[in-house]
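Just so it is clear, the structure is predicted and the values come from calculations on it, not from any experiment. Convention: sequence-line order gives letters A, B, ...; per-chain numbering from 1.
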Amino acid sequence: MKLETDAQPFNLNLTLDAGQAFRWQKDKKTGCRSGVIRGQLIHISQTSDKQLEFKCAPGPDNAVAEMLRSYFRLDGSYNEMRHSISRDSQMTGLTKQHKGLRLMRQEPWECLISYICSATNSVQRISESMENLSEKWGKELRLGDCIRHTFPTPTDLAAADEDELNALIKGIPTLGFRVKSAAQMVCDGSLNLTALAENPSCSEVVKELKNLNGVGDKIANCVALFSLDKTDAFPVDRHIARGLIQMGFSGSQKQAQDYFGKYAGYAGQLIFHHTRTTHHTRTNES
DNA sequence: ACCCAGGTGTAGG
DNA sequence: CCTACACATGGG
């Protein structure tokens with residue numbers, strides 16, 4: 001099924017490879033992307049600047065098209081967002097250089113668990129860990145030759161054995177405990193992600209998320225930005241901190257957040273992608 | 001061996 | 001408010 005984008009720049013692969021979401025795979029032969037959203041396996045590829053093509057299972061379902069519009073923010077807000085954060089020539093340059101990199105709107109529960117597991121970890125290992133959890137507890141989905149799994153539910157992970165979680169999640173050993181305790185809080189209602197999505201206050205949402213074990217400023221801002229629609233959230237990790245300092249900022253979260261304003265998180269995402277993709281090629285510097 | 005990876009929690013100034 | 005440090009693991 002075809003899906004027209006809004007008439008604003010969109011680059012599917014750039015968006016999916018920018019380190020926001022962790023469970024989009026790429027077919028080595030066709031380049032087609034496969035991922036799971038809301039229990040549906042999606043195959044999607046970009047056929048032109050303004051057109052995507054997708055299949056899904058179970059499906060087909062016209063509602064998936066609207067779901068994808070929301071997921072990739074194909075709502076016509078992209079140019080406003082780019083314009084809003086172009087506060088100086090450096091940021092204007094970054095918006096042009098990484099044109100088509102969209103801010104995604106992920107599913108809150110999966111996003112929360114993904115970023116809990118991101119602490120002192122690498123994008124690749126986070127991806128492997130999330131795939132391990134899905135293969136262990138998720139429901140199997142098939143589309144052609146492709147087999148993927150839904151993400152485990154809060155109930156699944158709340159009941160999971162902590163040692164088994166630790167074995168499946170790469171990184172520091174306490175991640176299993178953190179994941180299980182977050183799942184339990186979602187199950188018993190002490191964390192209500194739906195309510196947080198509806199709360200317009202970024203600072204209130206961040207404060208709530210920080211009640212979770214292993215969730216500090218950075219991870220709380222990631223979840224708020226990438227899944228709870230708080231475009232002013234501004235996560236600062238090591239890459240962004242380095243990027244900010246190179247750009248003449250102090251590196252303080254609040255200063256940059258205030259400077260970039262309503263869509264600060266998108267500015268941060270551009271800085272993250274830029275510093276992460278350009279640093280490796282810099283060999284002769286000092 | 002050393003450095004790095006989308007940090008957090010705690011202690012101390 | 002800030003800075004410093006322990007924590008802990010796999011891959012370059």
[X] [atom1] to [N] [atom2], straight-line distance once rounded to whole Å:
X	N	atom1	atom2	answer
Gln253(A)	dC1(C)	CD	C1'	14 Å
His239(A)	dC4(B)	NE2	C1'	9 Å
Ile172(A)	dG9(B)	CD1	P	10 Å
Ile126(A)	dA5(B)	CD1	P	12 Å
Asn121(A)	dA8(C)	CG	C1'	11 Å
Leu209(A)	dG7(B)	CG	C1'	15 Å
Asp237(A)	dA5(B)	CG	C1'	10 Å
Phe177(A)	dC7(C)	CZ	P	18 Å

Practice task
Kindly state whether the ring of Phe260(A) and the ring of Tyr266(A) have centres lying under 6.0 angstrom apart.
Solution key: no

Handout entry: Ring centers of Tyr78(A), Phe72(A) separated by less than 6.0 Å
Key = no

Problem - Charged N-O contact under 4.0 Å between Arg142(A) and Glu140(A) - result: yes

Handout entry: Exercise: do Ser190(A) and Asp188(A) side chains pair donor with acceptor under 3.5 Å
Key = yes

Exercise for the section: Would you please say whether a donor-acceptor pair under 3.5 Å links the side chains of Gln255(A) and Ser250(A)? Expected result: yes

Need one value for [X]: base, sugar-phosphate or nothing, where a base atom within 4.0 Å counts as base even if backbone is also close, heavy atoms only.
X	result
Thr120(A)	base
Gln269(A)	base
Gly214(A)	sugar-phosphate

Would one find more than 12 heavy atoms of other residues, nucleotides or ligands at under 6.0 Å from atom [atom1] of [X]?
X	atom1	answer
Gln124(A)	CD	no
Arg38(A)	CZ	no
Asp49(A)	CG	no

Exercise for the section: For dC3(B) versus dC5(C), give the span between their P atoms, rounded off to a whole number of Å. Expected result: 15 Å

Exercise for the section: Using the C1' atom as the reference point in each nucleotide, state the distance between dA5(B) and dT3(C) in Å, no decimals. Expected result: 22 Å

Fill in the blank from the handout: In numerical order, the residues of residues 215-236 of chain A whose heavy atoms come under 4.0 Å of DNA chain C are none

Handout entry: Reference residue Arg23(A); test salt bridge (charged side-chain N to carboxylate O under 4.0 Å, His left out); the match among Glu128(A), Glu131(A), Glu135(A)
Key = Glu131(A)

Would you list the protein and nucleotides 10-13 of chain B atom pairs, both N or O, that sit under 3.5 Å from each other?
none

Problem - N/O (side chain, Arg125(A)) to phosphate O (OP1/OP2, dG10(C)) under 4.0 Å - result: no

